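Lettering of chains follows the sequences in order, A, B, ..., and the numbering in each one begins at 1. This is a predicted model, so every value here is computed, not measured.
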Protein chains: 4
Amino acid sequence: MVQESGRGRPRSESARASVLHAVDDLLVEVGYAALTMKGIAERAGVGRQTVYRWWSNKAEVLYEASVIDARQELAVSLTGVPRDDLRAYLDALTGFLAHSHAGAAYRALLGEAQHDEDVAALLASGDVLGESAAAVVAPLLEAGGGDLSPEQATALLIGPVFFHILSGRGPESVDTKKQVEQFLRALAAD
Amino acid sequence: MVQESGRGRPRSESARASVLHAVDDLLVEVGYAALTMKGIAERAGVGRQTVYRWWSNKAEVLYEASVIDARQELAVSLTGVPRDDLRAYLDALTGFLAHSHAGAAYRALLGEAQHDEDVAALLASGDVLGESAAAVVAPLLEAGGGDLSPEQATALLIGPVFFHILSGRGPESVDTKKQVEQFLRALAAD
Amino acid sequence: MVQESGRGRPRSESARASVLHAVDDLLVEVGYAALTMKGIAERAGVGRQTVYRWWSNKAEVLYEASVIDARQELAVSLTGVPRDDLRAYLDALTGFLAHSHAGAAYRALLGEAQHDEDVAALLASGDVLGESAAAVVAPLLEAGGGDLSPEQATALLIGPVFFHILSGRGPESVDTKKQVEQFLRALAAD
Amino acid sequence: MVQESGRGRPRSESARASVLHAVDDLLVEVGYAALTMKGIAERAGVGRQTVYRWWSNKAEVLYEASVIDARQELAVSLTGVPRDDLRAYLDALTGFLAHSHAGAAYRALLGEAQHDEDVAALLASGDVLGESAAAVVAPLLEAGGGDLSPEQATALLIGPVFFHILSGRGPESVDTKKQVEQFLRALAAD
DNA sequence: TACTAAACGAGACGGTACGTCGGGTCTTTCC
DNA sequence: GGAAAGACCCGACGTACCGTCTCGTTTAGTA
């Protein structure tokens with residue numbers, strides 16, 4: 001993923017874009033399981049070696065292809081009203097995990113990370129969920145009391161939705177309004 | 001997975017046991033990614049067709065091999081004291097997800113379920129986490145007030161730990177004692 | 001292929017007939033290569049073991065199923081006029097090898113015999129071609145002169161047609177009339 | 001079986017040679033029936049796909065591996081003396097069919113051709129027997145009279161030996177000297 | 001009328017080859 | 001020296017058939 005300057009032909013930006021675009025399309029069309037390096041290369045109209053040169057496996061390609069979208073979808077413009085901000089964030093999170101392309105990519109990668117430490121490291125390198133939650137949670141912790149660490153607060157906020165969707169319960173039964181109240185109450189005296 | 005009918009040679013119980021044993025061993029030895037139907041059959045000293053005859057894929061074998069252990073590890077003997085029971089359950093859950101063989105199998109399956117709906121259906125067919133939590137949560141809901149559905153209470157209890165570990169944050173930063181308090185507070189006035 | 005008398009259930013004649021019938025049908029429908037012991041048993045509505053009990057491989061079944069037809073098709077009613085009898089025999093031989101079901105079975109078995117000595121022994125045990133030719137050739141050898149052995153005369157008579165058809169030249173280019181003349185001339189002073 | 005085009009890695013000549021060598025060895029060692037594409041690839045130290053890429057089945061590999069030897073073994077250096085040339089050819093033919101490796105391959109292929117039209121077409125594409133005989137027969141037909149077609153003369157010459165050996169009568173009873181006389185006499189007034 | 005014994009159908013068993021697919025690498029030519 | 005092309009070796013896929021082995025059932029003797 002490093003690019004050297006100097007001698008030789010420079011990296012083809014069009015090839016890079018083709019690959020990222022291809023992996024995005026393919027994830028939707030065939031799903032993660034049927035996503036292959038060979039298939040990506042063919043769909044992108046690119047040599048196989050070119051894919052391997054810049055990414056070591058399909059997880060890396062997929063990560064690079066989806067992380068920007070993921071960040072955007074999880075970014076909430078803060079109003080300063082805790083209830084509103086939390087609610088907006090949980091809605092965004094639910095939509096991301098349950099319905100978005102980037103979210104599907106994230107879930108696939110997180111699944112792979114359970115038994116592939118390379119993928120786990122990749123995901124840890126850019127903690128999309130944690131960082132997005134921190135933006136909402138940090139102001140509250142600074143302002144309010146509670147002795148919760150930011151990490152714990154994040155887990156408390158994200159956890160229930162995260163579990164709901166990843167365990168296959170579906171997003172319908174997620175009640176973000178009620179969860180905001182629970183979160184605030186749990187936080188309160190802590 | 002049951003079969004009955006007088007005719008024909010009956011299913012070999014020893015073959016079944018060999019396969020389940022083999023998949024258990026192999027998960028530990030080579031990991032989920034390198035687990036193959038071929039490898040399972042060879043390790044079990046069994047024909048490949050015999051494996052395919054009773055299980056459609058490695059996820060099914062693994063599920064059958066680990067679900068009983070999983071249930072045992074997550075079963076908590078209730079004392080009737082909410083704080084103690086909840087604490088015991090969260091400790092068991094943390095240990096299961098982070099350190100147990102059966103837990104590793106569960107995490108692998110849950111990962112696969114994110115992009116394979118057959119596996120998702122398989123996991124949904126026996127909701128190990130949900131059921132084990134219900135045993136602890138149900139008494140509280142009956143006793144106490146709150147308008148939380150059992151499902152929501154379960155997600156509230158399990159979610160934070162679940163997120164912590166599956167997102168790669170590690171079990172060290174899980175503080176079950178504090179989480180019990182949060183849970184009880186969130187539940188309280190609801 | 002032997003049938004013992006005595007205790008126990010006697011061999012089922014209907015099973016035997018079903019198998020022979022099935023192999024006949026299947027040869028025509030799917031060809032020799034796709035003929036399998038399993039397929040025969042299923043088509044005959046018979047247990048696999050029953051087939052194996054009485055025949056050791058598909059060649060044996062096929063041989064038993066076709067040898068009688070073969071003998072019939074190659075039997076020529078002699079008139080005593082050499083030219084007519086030889087002509088009739090060569091016509092029968094051509095038809096047998098090129099167009100008949102039994103002939104297709106024979107060619108398949110002969111092919112297998114080239115690399116399977118069990119099948120070679122099976123074919124040698126009942127030399128359908130040789131015997132049928134002998135019936136036509138023997139009278140000539142007794143009557144006429146020539147120091148040809150019956151075997152050599154048989155080869156001389158059958159050989160050209162046999163080669164023509166088995167080497168894939170097709171039966172159209174077989175001129176039995178001319179071959180009779182050649183045969184008689186070659187035989188003449190020998 | 002030819003491939004050309006600048007792009008891409010060119011076909012490995014060493015892989016091709018290994019495969020042809022392997023199939024030759026294996027035919028002798030295990031026989032045609034036990035010859036498998038898998039076995040060929042493994043023996044040649046070559047990927048299975050590489051074998052399938054250039055040959056569709058074991059018959060094609062075997063054909064390519066043996067056809068050159070076959071042609072050599074059946075080539076007779078003509079003296080111009082019919083009796084000598086015919087005799088030499090029949091001796092070569094007998095040796096080829098009965099004792100040579102290439103001949104064993106030919107018989108196996110011819111057997112397969114009886115029930116596999118792909119193999120039949122393959123054999124027909126290079127009529128080793130017909131062409132070799134034509135070289136000996138053509139001069140006679142041009143010189144002498146007779147209204148025999150080259151095809152018929154070929155069948156007349158080859159047929160008896162061919163039948164003798166393929167029908168399992170063995171090469172001992174082949175009397176090439178006598179057969180030359182028969183052939184010449186049959187040819188004579190025709 | 002039992003009992004015994006073998007053949008019967010069904011179908012699971014351990015094996016192994018099938019032909020295909022993807023993995024990751026290597027070797028060309030072209031840019 | 002990057003890139004497209006495509007052949008290379010490897011090994012898992014899921015299927016088919018091999019020949020064998022249990023099962024419960026049926027059909028004869030023989031006792």
Side-chain angles (χ1 to χ4, degrees), chain A residues 3-4 6-12 14-15 34-42 44-54 56-58, chain B residues 3 5-12 14-16 18 34-39 41-42 44-54 56-58, chain C residues 3-12 14-16 34-42 44-54 56-58, chain D residues 3 5-12 14-16 34-42 44-54 56-58:
Chain A
Q3 165 66 343
E4 308 298 333
R7 304 240 288 176
R9 182 175 178 175
R11 176 172 184 183
S12 158
S14 78
L35 200 62
T36 67
M37 291 294 264
K38 194 188 182 197
I40 294 168
E42 282 169 3
V46 143
R48 264 214 276 176
Q49 189 74 231
T50 299
V51 184
Y52 280 107
R53 184 145 35 219
W54 304 109
S56 35
N57 49 55
K58 65 176 178 177
Chain B
Q3 70 103 16
S5 85
R7 308 272 267 204
R9 181 176 180 174
R11 176 172 185 184
S12 158
S14 77
R16 175 176 175 276
S18 296
L35 200 61
T36 66
M37 291 292 263
K38 190 187 184 207
E42 283 170 1
V46 144
R48 262 159 91 185
Q49 184 117 144
T50 298
V51 183
Y52 281 105
R53 190 157 20 231
W54 304 109
S56 335
N57 48 56
K58 64 177 178 175
Chain C
Q3 165 66 341
E4 309 296 336
S5 70
R7 303 245 284 180
R9 183 177 178 174
R11 176 173 184 184
S12 158
S14 78
R16 176 177 175 274
L35 199 62
T36 66
M37 292 294 264
K38 192 189 182 197
I40 294 168
E42 282 170 3
V46 143
R48 264 210 279 173
Q49 189 77 233
T50 299
V51 184
Y52 280 106
R53 182 146 38 220
W54 304 111
S56 34
N57 49 54
K58 65 175 177 177
Chain D
Q3 69 102 15
S5 86
R7 304 270 267 206
R9 182 176 179 173
R11 177 172 183 184
S12 159
S14 78
R16 175 177 174 274
L35 199 61
T36 65
M37 291 292 263
K38 189 188 185 207
I40 294 168
E42 282 170 2
V46 144
R48 259 157 95 185
Q49 183 117 146
T50 297
V51 183
Y52 280 106
R53 185 152 28 226
W54 304 108
S56 344
N57 49 55
K58 64 177 179 177

Legend entry - Residue B/Ala15, side-chain heavy atoms: nucleotide from E/dA17, E/dG9, E/dC13 that is nearest: E/dC13
Legend entry - Whichever of A/Lys58 and C/Ala44 has its nearest DNA chain E nucleotide further upstream toward 5':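 The 5'-side residue here is C/Ala44.
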Inset, instruction - Between A/Met37 and D/Lys38, just flag the one whose closest nucleotide in DNA chain E comes earlier from the 5' side. - result: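 This one resolves to D/Lys38.
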Inset, instruction - Find the distance between CG (D/Asn57) and CG (D/Leu35) and round it off to the nearest 0.5 Å. - result: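 With rounding to 0.5 Å, CG (D/Asn57) is 11.0 Å from CG (D/Leu35).
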[N] phosphate, OP1 or OP2: any side-chain N/O from [X] under 4.0 angstrom?
X: B/Trp54; N: E/dG11; answer: no
X: C/Thr50; N: E/dG9; answer: yes
X: D/Arg48; N: F/dG11; answer: no
X: B/Arg53; N: E/dC13; answer: yes

Legend entry - Residues in salt bridge (charged side-chain N to carboxylate O under 4.0 Å, His left out) contact with C/Arg16, at least two apart in sequence or another chain: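 Once residues adjacent in sequence are excluded, the partners of C/Arg16 under the salt bridge (charged side-chain N to carboxylate O under 4.0 Å, His left out) criterion are C/Glu13, C/Glu64.
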Legend entry - Under 4.0 Å protein heavy-atom contact, by nucleotide of nucleotides 26-31 of chain E - B base, S sugar-phosphate only: BBBSSB
Inset, instruction - Fill in the dot-bracket string of DNA chain E, one character per base: . for unpaired, | for a pair to another strand, ( ) or [ ] for pairs within the strand, taking Watson-Crick or G-U pairs under 3.5 Å. - result: |||||||||||||||||||||||||||||||
Inset, instruction - May I ask you to say what C/Gly39 touches in the nucleic acid, namely base, sugar-phosphate or nothing, with a heavy-atom cut-off under 4.0 Å? - result: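 The answer is nothing, as C/Gly39 stays clear of every strand by at least 4.0 Å.
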Inset, instruction - Report the residue (D/Ser12 or C/Leu35) whose heavy-atom-nearest nucleotide on DNA chain F is the more 5′ of the two. - result: D/Ser12
Legend entry - Given DNA chain F, 5'-ward residue of the pair C/Tyr52 and B/Asn57, judged by closest heavy atom: B/Asn57
Legend entry - Value in whole Å for how far the P atom of F/dG19 lies from CD1 of C/Ile40: 11 Å
Legend entry - side chain to side chain contact (heavy atoms under 4.5 Å, CB included) partners of C/Ser12, counting only residues at least two apart: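 C/Ser12 satisfies side chain to side chain contact (heavy atoms under 4.5 Å, CB included) with C/Ser14, C/Ala15 once adjacent residues are dropped.
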Inset, instruction - Sequence neighbours left out, what passes side chain to side chain contact (heavy atoms under 4.5 Å, CB included) with A/Thr36? Give chain and number order. - result: A/Lys38
Legend entry - Sub-4.5 Å side-chain heavy-atom contact between D/Val51 and D/Arg48: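 Of all side-chain heavy-atom pairs linking D/Arg48 with D/Val51, none is under 4.5 Å.
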